[in-house]
Amino acid sequence: MPNTHPLKDQIALLIGEALETVAPGAPVSLDIERPKNPAHGDFSSNAAMQLARPLKKNPRELAQRILTELPASPLIARTEIAGAGFINFHLTPAAWHGVVPQIRAAGGAYGRGNAGAGHKVLVEFVSANPTGPLHVGHGRQAALGDAICNLYAAQGWEVCREFYYNDAGVQIATLAASVQARAKGLQPGDADWPEAAYNGDYIADIAADFLAGKSVRSDDRAFTASGDADDLDSIRQFAVAYLRHEQDLDLQAFAVRFDHYYLESSLYTSGRVEATVQKLVDAGKTYAQDGALWLRTTDYGDDKDRVMKKSDGTYTYFVPDVAYHIAKWERGYERAINIQGSDHHGTIARVRAGLQAAGVGIAEGYPDYLLHTMVRVMRGGEEVKISKRAGSYVTLRDLVEWTSKDAVRFFLLSRKPDTEYIFDVDLALAKNNDNPVYYVQYAHARICRVFEEWGGLPATLDGADLAALTAAHELALLRRLTEYPETVAAAARELAPHLLVHYLQTLAGDFHAWYNAEKFLVDHEATKRARLALADAARIAIVNGLALLGVSAPEKM
RNA sequence: CUGCCCGUAGCUCAACUGGAUAGAGCACCAGCCUUCUAAGCUGGGGGUUACAGGUUCGAUUCCUGUCGGGCAGGCCA
């Protein structure tokens with residue numbers, strides 16, 4: 001099943017048939033639109049306007065000819081030509097009623113499609129080095145990454161959630177030195193405290209556990225401390241495992257799981273970094289200058305050429321990055337999506353240039369990047385800047401504990417990734433309609449409550465006569481429900497979960513307005529059953545949509 | 001100085017990737033508040049889509065320039 005509008009497609013088919021007579025072979029994109037103005041009907045087509053130029057005919061005249069050739073359909077109540085040559089379609093109530101059984105039959109599959117069947121996508125996100133707790137920016141990435149994975153899976157893609165990190169670089173050396181200093185009884189501010197060090201309280205916790213000889217286990221590694229404060233290698237390994245475990249707890253609180261962890265260091269030990277450099281050299285895209293090896297990234301649109309191999313013999317950070325993405329490609333991921341903070345946008349041109357220069361057949365524009373801006377946290381009207389845990393920033397776990405997983409996810413997904421977001425803790429805790437998560441979840445809980453009050457089995461509503469659904473609120477809700485599948489498809493295609501968030505808010509708004517206007521459990525049996533069937537369809541769309549966002553749908557609130 | 005992103009109601013944000021009269025929510029104003037779940041409900045005012053050009057039947061959307069904001073510009077990641 002294509003993941004598209006249940007009724008639009010049928011209208012498009014009718015127009016397509018008419019066009020075979022009116023303008024055979026003419027190139028027309030049959031995108032059917034939903035007019036904003038209800039007076040313009042349920043759907044409209046601009047096919048006549050598109051054809052006006054190539055056929056050199058008056059668009060309104062063409063529209064008339066299309067209408068003459070349009071096959072009869074029980075869906076259509078009437079048609080009209082309007083404006084410059086729009087063809088407007090007014091559908092019968094029965095056409096709209098037909099979507100209710102469709103949605104109820106599809107159930108959890110409503111909004112899913114198979115456009116991505118047989119394709120593999122790798123989504124890399126969070127990818128925090130194990131040097132401290134995850135901050136709210138990581139939270140935005142985790143929410144975005146997980147939602148995008150859900151959206152792709154809903155389109156039939158085989159999805160891999162990957163976390164990439166480095167356990168051997170300069171930052172990790174700093175971490176080990178910081179823990180060692182704490183293990184030797186030093187504190188930030190002491191004369192011997194290392195200049196470049198992590199000062200958060202959590203460093204002291206790691207040192208204490210290290211000295212106690214404890215064991216730690218994370219999703220991807222395990223280690224037992226030697227307890228010897230002079231054993232820097234043991235400290236390093238223990239600290240990495242400890243912080244990876246801490247991050248696992250942060251992610252668990254946020255209900256995010258990864259399928260795979262990938263180590264930057266493995267790119268060196270496997271020889272992939274060397275092999276990548278060799279490919280670039282062989283391709284003639286490098287040159288030596290000032291004792292360093294440079295890559296001609298300017299051949300691929302970068303501002304200036306970049307150093308690959310420093311004069312001290314080590315590689316700059318983007319070389320393993322290129323090697324990593326060649327590995328992604330070779331692992332069969334035809335699509336790779338990287339979710340990163342917008343402060344990393346400089347790496348995009350470099351990595352893509354390296355991949356093209358390597359000449360291994362990777363598509364131009366690989367990988368995709370989704371960049372997001374910073375998140376600030378407001379509480380009690382003031383910006384929160386300090387967390388006890390991290391020392392200098394608010395952590396993801398703080399935010400989840402202050403509010404809830406559902407609120408944090410929903411809020412962080414509610415805006416376009418490239419706009420700065422201010423998280424309002426008080427709003428997230430509010431139990432009223434000002435709080436968007438509450439508003440959407442409450443719509444679901446209300447439906448569940450109505451069914452509980454009714455006491456019947458939803459399955460007995462199958463085949464219900466829906467002719468009683470004539471109120472404006474009911475038709476508006478029906479219309480909204482049909483938009484769900486294409487909203488999901490658009491959110492996936494455009495890496496834009498906020499489209500789904502906005503949709504759910506609007507859908508909940510339509511439902512609440514209806515609920516406030518009409519009583520469902522009325523004495524008239526046919527009306528009651530029709531309303532319950534529609535409410536059940538709304539429930540399905542809300543549950544499915546929230547699930548894609550990683551937000552729960554409580555039955556009681 | 002250069003590159004990327006952004007600029008829409010007083011505020012926070014949408015706008016089906018080029019469609020018809022640019023939409024919601026806060027806030028503001030006016031009524032209502034006996035209900036399957038209650039922390040409210042219904043309606044209303046509010047706009048030169050930063051600015052100036054261009055492309056065409058048609059532009060918030062695409063192109064050019066200007067102004068303003070964010071982020072980058074290291075043999076750091």
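Every value quoted in this text rests on a predicted model; they were computed, and no experiment measured them. Chain identifiers are assigned alphabetically (A, B, ...) following the order of the sequence lines, protein sequences preceding nucleic acid strands; residue numbering begins at 1 within each chain.
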J.: Nearest to the A/H345 side chain among B/C13, B/U42, B/A72, which nucleotide is it?
T.: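 Shortest atom-to-atom distance from the side chain points to B/A72.
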
J.: I'd like the P distance from B/C13 over to B/U2, given in whole Å.
T.: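 It works out to 29 Å between them.
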
J.: Give the rounded distance in Å between these two atoms: CH2 of A/W454 and C1' of B/U35.
T.: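 Distance check: A/W454 CH2 to B/U35 C1' gives 20 Å.
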
J.: Quick test of your reading of the model: are A/E452 and A/K556 salt-bridged, counting only N-O distances below 4.0 Å?
T.: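 Answer for the salt bridge query: yes.
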
J.: Are any of the side-chain nitrogens in A/E61 or A/R65 under 4.0 Å away from the carboxylate oxygens of its partner?
T.: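 No salt bridge links A/E61 with A/R65.
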
J.: Could you check how far CZ of A/R352 sits from P of B/C4, rounded to whole Å?
T.: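 One finds 13 Å between P of B/C4 and CZ of A/R352, rounded.
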
J.: Which nucleotide in the list B/G19, B/C75, B/C71 gets nearest to the side chain of A/S311?
T.: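 Closest nucleotide among those given: B/C75.
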
J.: Just how far, in rounded Å, is P of B/A77 from CZ of A/R350?
T.: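 Result: 10 Å.
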
J.: Between A/R34 and A/I87, who's closer to the 5' end of RNA chain B by nearest nucleotide?
T.: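 Of the two residues, A/R34 wins.
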
J.: Check every strand shown and say whether A/M557 touches a base, only sugar-phosphate, or nothing at a heavy-atom separation below 4.0 Å.
T.: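 Answer is base: heavy atoms of A/M557 come under 4.0 Å of a base.
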
J.: Is A/L499 touching bases, backbone alone, or none of the nucleic acid, heavy atoms closer than 4.0 Å?
T.: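 A/L499: backbone/sugar contact only, no base atoms under 4.0 Å.
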
J.: Answer yes or no: does a side-chain N or O of A/R446 lie under 4.0 Å from OP1 or OP2 of B/A38?
T.: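 Yes.
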
J.: Can you figure out which of B/C36, B/A77, B/G73 approaches the side chain of A/T316 most closely?
T.: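 Among B/C36, B/A77, B/G73, the one nearest the side chain of A/T316 is B/A77.
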
J.: Please give the distance between the P atoms of B/C36 and B/U21 as a whole number of Å.
T.: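 Looking at atom P only, B/C36 and B/U21 are 44 Å apart.
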
J.: Syn or anti for B/U17, given that syn means the glycosidic angle lies within 90° of 0?
T.: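 Base orientation relative to the sugar is syn.
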
J.: Quick one: which of B/G3, B/G74, B/C75 gets closest to the side chain of A/A292?
T.: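 Among the listed nucleotides, the one closest to the side chain of A/A292 is B/C75.
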
J.: Kindly assign one of parallel, tilted or perpendicular to the pair A/Y262 and A/Y324, based on the angle between their ring planes and the thresholds 30° and 60°.
T.: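 Because their plane-to-plane angle lies in the 30° to 60° range, the rings of A/Y262 and A/Y324 count as tilted.
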
J.: Taking B/A38 as the reference, what is the distance to B/U61 when you measure between their C1' atoms (whole Å, please)?
T.: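 Comparing C1' positions in B/U61 and B/A38 gives a spacing of 43 Å.
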
J.: For A/E555 and for A/H344, locate the closest nucleotide of RNA chain B by heavy-atom distance; then report the residue assigned to the nucleotide nearer the 5' terminus.
T.: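 Taking each residue's closest nucleotide, the earlier one in sequence belongs to A/E555.
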
J.: Could you work out the separation of B/G7 and B/C51 based on their P atoms and round it to a whole Å?
T.: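 Those two atoms are separated by 13 Å.
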
J.: Within the pair A/K310 and B/C76, is there a side-chain N or O less than 4.0 Å away from OP1 or OP2?
T.: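 Yes, such a contact exists.
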
J.: Verify the stacking flag for A/F86 against B/G19: centroid separation must be under 5.5 angstrom and the ring planes must differ by under 30 degrees.
T.: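 The ring of A/F86 is not stacked on B/G19.
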
J.: Over all strands shown, is A/E452 touching base, sugar-phosphate only, or nothing at heavy-atom distances under 4.0 angstrom?
T.: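 Nothing, no heavy atom under 4.0 Å.
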
J.: List the atom of A/P417, the atom of A/L371, and the distance in Å for their closest heavy-atom pair.
T.: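 Looks like CB-O, 3.6 Å.
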
J.: Check the distance between B/C16's C1' and A/L7's CG and give it to me in whole angstrom.
T.: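 From A/L7 CG to B/C16 C1': 16 Å.
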
J.: Of all heavy-atom pairs between A/N46 and A/E33, which one has the smallest distance, and what is that distance?
T.: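 Shortest heavy-atom separation between A/N46 and A/E33 comes out as ND2-OE2, 3.9 Å.
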
J.: Using a heavy-atom cut-off of under 4.0 Å over every strand shown, decide if A/E518 touches base, sugar-phosphate, or nothing.
T.: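 Here A/E518 touches the bases of the nucleic acid.
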
J.: Applying a 4.0 Å non-hydrogen cut-off, can you work out what A/S44 is touching in the nucleic acid: base, sugar-phosphate, or nothing?
T.: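 Contact class for A/S44: base.
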
J.: Which of the following nucleotides, B/A72, B/U17, B/A77, is nearest to the side chain of A/E494?
T.: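 Among B/A72, B/U17, B/A77, the one nearest the side chain of A/E494 is B/U17.
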
J.: Hey, is the side chain of A/Y442 pairing donor to acceptor with the base of B/A39 inside 3.5 Å?
T.: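 By the distance-only test, no, there is no pair.
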
J.: If you look at every strand shown and take non-hydrogen atoms under 4.0 Å, does A/A490 touch a base, only sugar-phosphate, or nothing?
T.: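 Result for A/A490 = nothing.
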
J.: Which value, in whole Å, describes the distance between the C1' atoms of nucleotides B/C5 and B/A52?
T.: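 22 Å, rounded to whole Å.
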
J.: List the residues meeting salt bridge (Lys or Arg N to Asp or Glu O under 4.0 Å) with A/R446, not counting sequence neighbours, and say none if there are none.
T.: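 Here no residue qualifies.
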
J.: Looking only at heavy atoms, which two atoms of A/F43 and A/P35 are closest? And how far apart?
T.: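 Closest heavy-atom pair between A/F43 and A/P35: CA-CD, 3.8 Å.
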
J.: With a non-hydrogen cut-off below 4.0 angstrom, is A/D424 in contact with a base, only sugar-phosphate, or nothing?
T.: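 Nothing: the residue A/D424, judged by heavy atoms under 4.0 Å, touches no strand.
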
J.: Using a 4.0 Å heavy-atom cut-off across all strands, classify A/F411 as base, sugar-phosphate, or nothing.
T.: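 The answer is nothing, as A/F411 stays clear of every strand by at least 4.0 Å.
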
J.: Classify A/E420 by what it touches in the nucleic acid, base, sugar-phosphate, or nothing, heavy-atom distance under 4.0 Å.
T.: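 Sugar-phosphate: the residue A/E420, judged by heavy atoms under 4.0 Å, touches backbone atoms but no base.
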
J.: Check the pair A/N166, A/Q171 against side-chain hydrogen bond (donor to acceptor under 3.5 Å, both in side chains), reporting the backbone distance first and the verdict last.
T.: CA-CA 9 Å; A/N166 191 6; A/Q171 288 182 36; over 6 Å; no

J.: Which one, B/U37, B/A72, B/U12, comes nearest to the side chain of A/R415?
T.: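 Per side-chain heavy atoms of A/R415, the pick is B/U12.
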
J.: Evaluate the ring planes of A/Y438 and A/Y442, with Trp represented by its six-membered ring, and classify them as parallel (under 30°), tilted (30 to 60°) or perpendicular (over 60°).
T.: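 Because their plane-to-plane angle is under 30°, the rings of A/Y438 and A/Y442 count as parallel.
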
J.: Which stems, defined as runs of 3 or more consecutive Watson-Crick or G-U wobble pairs with both pairing distances under 3.5 Å, involve RNA chain B?
T.: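 So far as stems of 3 or more pairs are concerned, RNA chain B shows B:1-7 with B:67-73, B:10-13 with B:23-26, B:28-32 with B:40-44, B:50-54 with B:62-66.
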
J.: For A/D523 and B/U35, give me the distance from atom CG to atom P, rounded to whole Å.
T.: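 Roughly 17 Å, once rounded to whole Å.
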
J.: If the P atom of B/G18 is compared with that of B/C63, how far apart are they to the nearest Å?
T.: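 Straight-line distance between the two P atoms is 11 Å.
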
J.: Are any of A/K416's side-chain N or O atoms less than 4.0 Å away from OP1 or OP2 of B/A14?
T.: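 Answer is yes, contact under 4.0 Å.
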
J.: Among the candidates B/C5, B/G40, B/C36, find the nucleotide nearest to the side-chain atoms of A/N432.
T.: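 Nearest to the side chain of A/N432 among the choices is B/G40.
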
J.: When you measure from the side-chain N and O atoms of A/N433 to the phosphate of B/C41, is any distance below 4.0 Å, counting only OP1 and OP2?
T.: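 Affirmative; the distance criterion is met.
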
J.: Using a 4.0 Å heavy-atom cut-off, does A/F451 contact any base of the nucleic acid, only the sugar-phosphate backbone, or nothing at all?
T.: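 No contact.
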
J.: Rounding to the closest angstrom, what is the interatomic distance between B/G3 and B/U66 at atom P?
T.: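 One P to the other, the span is 10 Å.
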
J.: Nearest to the side chain of A/K519, which nucleotide is it out of B/C36, B/C57, B/C13?
T.: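 Nearest to the side-chain atoms of A/K519, counting from C-beta on, is B/C36.
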
J.: Looking at A/K328 and A/E124, is any side-chain nitrogen of the basic one under 4.0 Å from a carboxylate oxygen of the acidic one?
T.: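 The answer is yes: the pair qualifies as a salt bridge.
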
J.: On the side chain of A/N46, is there an atom forming a donor-acceptor pair with the base of B/A20 - under 3.5 Å, no angle test?
T.: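 No, no donor-acceptor pair under 3.5 Å.
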
J.: In terms of ring plane angle, is the pair A/F511 and A/Y515 parallel, tilted or perpendicular, where the classes change at 30° and 60°?
T.: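 It falls in the tilted class, 30° to 60°.
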
J.: At under 4.0 Å between heavy atoms, what does A/H40 touch on the DNA or RNA strands: base, sugar-phosphate, or nothing?
T.: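 Here A/H40 touches the bases of the nucleic acid.
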
J.: P atom, B/A59 versus B/G74: distance in rounded Å?
T.: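 Here B/A59 and B/G74 have their P atoms 43 Å from each other.
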
